Amino acid sequence: MIRQYNAPRFTIRQIGGKTRKVGTVPTGAILRLRTGMKIRVEAWLPRDYATYQRGAFTTKRIAGGHVALVRRLSDNFVFPISDIFLLLAAEA
């Protein structure tokens with residue numbers, strides 16, 4: 001994902017002639033968390049939740065994820081993190 005469409009925290013942009021909600025932290029951004037750790041935003045994960053319909057559990061996807069997959073630059077460890085930590089982080 002290049003942009004996080006339909007993000008919970010967003011800016012409004014005109015893309016392809018349409019008005020869209022675009023996330024405030026782009027993919028590829030390098031940030032320094034409050035712990036001093038440098039990370040790079042790799043991807044935004046959609047929100048999933050389970051429902052029970054007709055005797056079976058199914059997974060539903062909701063537009064606009066709030067969890068990012070990030071890579072720690074010191075050792076290339078990949079982990080998910082909430083967007084609130086990214087909004088509070090400084091650009092590195």
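What's counted below: heavy atoms across the whole structure, side chains too, no hydrogens, waters or symmetry copies. In what follows, residues are counted from 1 in the order of the sequence shown. Because the structure is a prediction, the values reported are computed rather than measured.
- Both Phe85 and Leu31 are members of a single hydrophobic cluster when ILVMFWY side chains are connected at heavy-atom separations under 4.5 Å.
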Trace of the side-chain contact (heavy atoms from CB on, under 4.5 Å) decision for Val25 with Asp83: CA-CA 8 Å; Val25 180; Asp83 64 345; over 6 Å; no

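- You'll find the side chain of Val67 stays beyond 4.5 Å of the side chain of Trp44, heavy atoms only.
- Looking at Ile30 and Ile39, their side chains never come closer than 4.5 Å, going by heavy atoms from C-beta outward.
- With contacts defined as side-chain heavy-atom distances shorter than 4.5 Å, the pair Arg40/Leu73 qualifies.
- Val70 has its side chain within reach of Phe79: a pair of non-hydrogen atoms, C-beta onward, lies under 4.5 Å apart.
- For Glu91, the CD atom is loosely surrounded, since the number of other residues' heavy atoms within 6.0 Å does not exceed 12.
- Taken from CZ in Arg71 to NZ in Lys38, the straight-line distance is 16.0 Å, to the nearest 0.5 Å.
- A side-chain N or O of Thr19 and one of Gln14 form a donor-acceptor pair less than 3.5 Å apart.
- With Ile81 as the fixed residue, the side-chain contact (heavy atoms from CB on, under 4.5 Å) test singles out one of Leu33, Leu69, Val41: Leu33.
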